[in-house]
Amino acid sequence: MTPGLRTGTVVDALLDSAARTPDRPAFHVVERSEEEFALSCADVCHLVGRTVSGLRAHGIGEGDRVIIVLPTSRDFLSVYLGCLYAGVAPIVAAEPTGGDVSRYAANLRRLAAHARACRIIMPPESADRLAPLLPVPVSPPGELRGPSVLLDSPRATPASLAHLQATSGSTGAPKLAMVRHGNIVANVDAIARAIRAQPDDSLVSWLPLFHDMGLIGISYALHARIPMVLSDPVNFLRNPMSWLRLISRYRGTLSPAPSSAFHICARVAQRRPPSDLDLSAWRVALCGAEPVHESTMREFQATFGRFGLPETTLRPVYGLAEATLAVTISDVGRPYSVDRVDAEAVAATGRAEPRPAGDPRTVSMMCVGRVLPGHQVRVVDPDGAPVPDRVVGDIEVSGPSVIDGYLPEPGDDGAGAAADGLRRPDGFLRTGDLGYQLDGELYVTGRRKEIVIISGRNYIPDQLERFVEAVTDSPRTPAVVAVGVPDPTLPTEQLHLLLDERLADGRDRQDLTDQVRRALAEVFGIGGVTFHWVGRARLPRTTSGKIQRHLCRKMIEERSTASA
């Protein structure tokens, strides 16, 4: 870091960059219209200054909270960074995707009440439809643009609340994590050290900005003082290969994505092979936000290696909103690694015993690396005592990236901010995730709340799902959801499998389920499995695409009640 730079917040980093290198490229924004806009550091400060002026004119100031419902755009950068400068805490929410507007409005009302938001900012067309259904004023971003003011003394400090980040909601109702400016700087600085940041790095991202993996990317680019290509996620949905073409065109060195994005691109390229990609500059591809599968990594590398993709680029990672973003990152100096373990031993004894590849009882566990510099991670038993290597336990993390609590629900006296046993007395965060360590590196096995318990044995849903996909030769993933439902006659759970209807395209459903029954009984000793064929669109998901197993369980229970 250059001596003398102010680094208390990412806003400080932006102001320093604008003062020292005003013409340096900051963002290249590819909006939903596919129009592209290049912004220098000075351009970004000008946009932020206009928003700061508009916030003041509307009486929105330090300590207030606003909800941002905007596509990836210059408007988003202006409003989000303007809020950070002014000490206003934004909550970035997903846009409406069609369908039931009243349901979307109801969700936004709950979010506004929880966050105690004073304003919702959304595009004019959405504002016109939704404003009558919402309890707080709704403004298009144009209303918050005033004459640009000089940015000299930001209200934000490291201790200030930067933004409120909704947790994934995969195991229950989302909470609002209180992420402070100091948390963000600590996390992006630690990420930079973990990936061995280079001065000529450039970041390419299409990730949704309501998701922490997308939003913190903006802060990373500002703090590291590197250019960022920022594309709207709709561009990826229209054409997944547009992501890789941006990396090729702009010589991107850093570009993160969830496992499913790597899977989709590999499949698209296999159907329509590209001919003009150059991925040789792509140095680090952080892969997280959902379980990372060896088959996906192997398929992606095999598909794009011929376009120059280095074998050390794909980097499985682990993180969560309560730690701002990243917790562990696998070593960028070597290819990703996999631990092959005995699935039955994991279920029966909670130990990840090594097992040869190719054995039907072997499952692959992806290494997600070492904890970030300046942080600590441990795996503990239910009493909080650290467990030996290869013993599955609760993952806990501590360090300056870890938040100090959730925003209390309305009516809470304030003590709820750090409720739900978020931290242990020694400061370690209870993540709710399970995993084990080996030689200082972490392997994540699943969420404690999602474990399926059958006759006293703990089965990891993701392992069961990948096993069934392999047995059925599924051409897509995820195609299976495993859920444990209490058996009304026995003190155990029964395994229910939700199967994507497309699994049976051209095949007999009964033959497939019989095949899966035999395989589960032979490898895991699991019997009494119930199958549900469902359309992909009917599987409940979070806004970031994660399966909500608690709602899957509710759907199964409702089906059972209806058929009783």
Side-chain angles (χ1 to χ4, degrees), residues 6 8-15 18 44-94 108 111-123 127 131 134-166 176-185 209-210 212 214-216 218-219 222-223 321 324 403-408 410 417:
R6 297 182 298 174
T9 71
V10 295
V11 174
D12 290 330
L14 170 62
L15 298 183
V44 176
C45 281
H46 177 75
L47 291 175
V48 170
R50 296 196 66 183
T51 293
V52 170
S53 172
L55 290 170
R56 290 173 182 170
H58 284 79
I60 302 171
E62 187 176 6
D64 286 333
R65 296 163 192 159
V66 301
I67 297 174
I68 302 176
V69 188
L70 292 173
T72 297
S73 58
R74 293 163 296 162
D75 280 339
F76 181 93
L77 287 172
S78 175
V79 173
Y80 176 71
L81 295 174
C83 287
L84 295 193
Y85 178 95
V88 176
I91 308 95
V92 183
L108 210 52
L111 179 60
H114 186 182
R116 302 173 185 85
C118 67
R119 183 84 47 148
I120 298 174
I121 303 163
M122 57 176 55
L134 298 171
V136 298
V138 177
S139 296
E143 285 187 10
L144 295 181
R145 283 198 288 266
S148 189
V149 298
L150 178 66
L151 301 179
D152 54 0
S153 181
R155 304 298 298 171
T157 69
S160 302
L161 184 63
H163 62 247
L164 295 169
Q165 177 65 54
L176 292 179
M178 298 192 298
V179 181
R180 302 190 183 279
H181 284 273
N183 297 139
I184 294 176
V185 169
L209 297 176
F210 59 79
D212 50 6
L215 188 62
I216 298 299
I218 293 173
S219 290
L222 292 173
H223 180 75
T324 302
I403 66 167
D404 50 14
Y406 301 118
L407 187 72

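For the numbers below, each heavy atom of this structure counts, side chains included, while hydrogens, waters and symmetry mates do not.
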Chemist: Can you tell me how far the CD1 atom of I403 sits from the CD1 atom of I184, to the nearest 0.5 Å?
Modeler: 11.5 Å
Chemist: Of the options L222, L151, V11, V52, which is the one that meets L81 in a side-chain contact (heavy atoms from CB on, under 4.5 Å)?
Modeler: L222
Chemist: How far apart are the C-alpha atoms of H163 and V92, what are their side-chain angles, what is the distance that settles it, and do they pass the side-chain contact (heavy atoms from CB on, under 4.5 Å) test?
Modeler: CA-CA 8 Å; H163 62 247; V92 183; over 6 Å; no
Chemist: Which atoms form the tightest heavy-atom contact between R155 and G87, and what is the distance?
Modeler: CB-N, 4.1 Å
Chemist: Report yes if the side chains of I218 and L209 come closer than 4.5 Å at any heavy-atom pair, otherwise no.
Modeler: yes
Chemist: Would you mind reporting whether C118 and I60 have side-chain heavy atoms less than 4.5 Å apart?
Modeler: yes
Chemist: Heavy atoms only: give me the nearest D75-P141 pair and the separation to one decimal.
Modeler: OD2-CG, 3.5 Å
Chemist: Rounded at 0.5 Å granularity, tell me how far CD1 in I91 sits from CG in L111.
Modeler: 6.0 Å
Chemist: Roughly how far, to the nearest 0.5 Å, is the OG atom of S53 from the CG atom of L150?
Modeler: 12.0 Å
Chemist: Would you check if V44 and L77 make a side-chain contact, meaning some heavy-atom pair closer than 4.5 Å?
Modeler: no
Chemist: Identify the heavy atoms of V138 and A127 that sit nearest to each other, and give their distance.
Modeler: CG1-CB, 3.6 Å
Chemist: Of the options T9, T324, T157, D404, which is the one that meets R180 in a side-chain hydrogen bond (donor to acceptor under 3.5 Å, both in side chains)?
Modeler: D404
Chemist: Could you give the distance from CZ (F210) to OG1 (T72), rounded to the nearest 0.5 Å?
Modeler: 9.5 Å
Chemist: Decide yes or no on side-chain contact (heavy atoms from CB on, under 4.5 Å) for T51 and Y85, but give the supporting numbers first.
Modeler: CA-CA 10 Å; T51 293; Y85 178 95; over 6 Å; no
Chemist: Taking the side chain as everything from C-beta on, heavy atoms only, tell me whether R56 gets closer than 4.5 Å to V149.
Modeler: yes
Chemist: Quick one: closest heavy-atom pair of L407 and M178, and the distance?
Modeler: N-CG, 3.6 Å
Chemist: Could you walk me through whether E62 and L55 pass the side-chain contact (heavy atoms from CB on, under 4.5 Å) test, one step at a time?
Modeler: CA-CA 10 Å; E62 187 176 6; L55 290 170; over 6 Å; no
Chemist: Please name the pair of heavy atoms, one in L108 and one in A93, separated by the smallest distance, quoted to 0.1 Å.
Modeler: CD1-CB, 4.3 Å
Chemist: How many angstroms lie between atom CZ of R65 and atom CG of L176, to the nearest 0.5 angstrom?
Modeler: 9.0 Å
Chemist: Step by step, work out the side-chain contact (heavy atoms from CB on, under 4.5 Å) result for L215 and F76.
Modeler: CA-CA 11 Å; L215 188 62; F76 181 93; 3.9 Å; yes
Chemist: Quick check: does any side chain N or O of S219 sit under 3.5 Å from a backbone N or O of V10, one acting as donor and the other as acceptor?
Modeler: no
Chemist: Between V136 and A117, which heavy-atom pair has the shortest distance, and what is it?
Modeler: CG1-O, 3.4 Å
Chemist: I'd like to know if R119 and D64 make a salt bridge, using a cut-off of under 4.0 Å between side-chain N and carboxylate O.
Modeler: no
Chemist: Just verifying a value: how many Å separate C83 SG and L144 CG, rounded to the nearest 0.5 Å?
Modeler: 8.0 Å
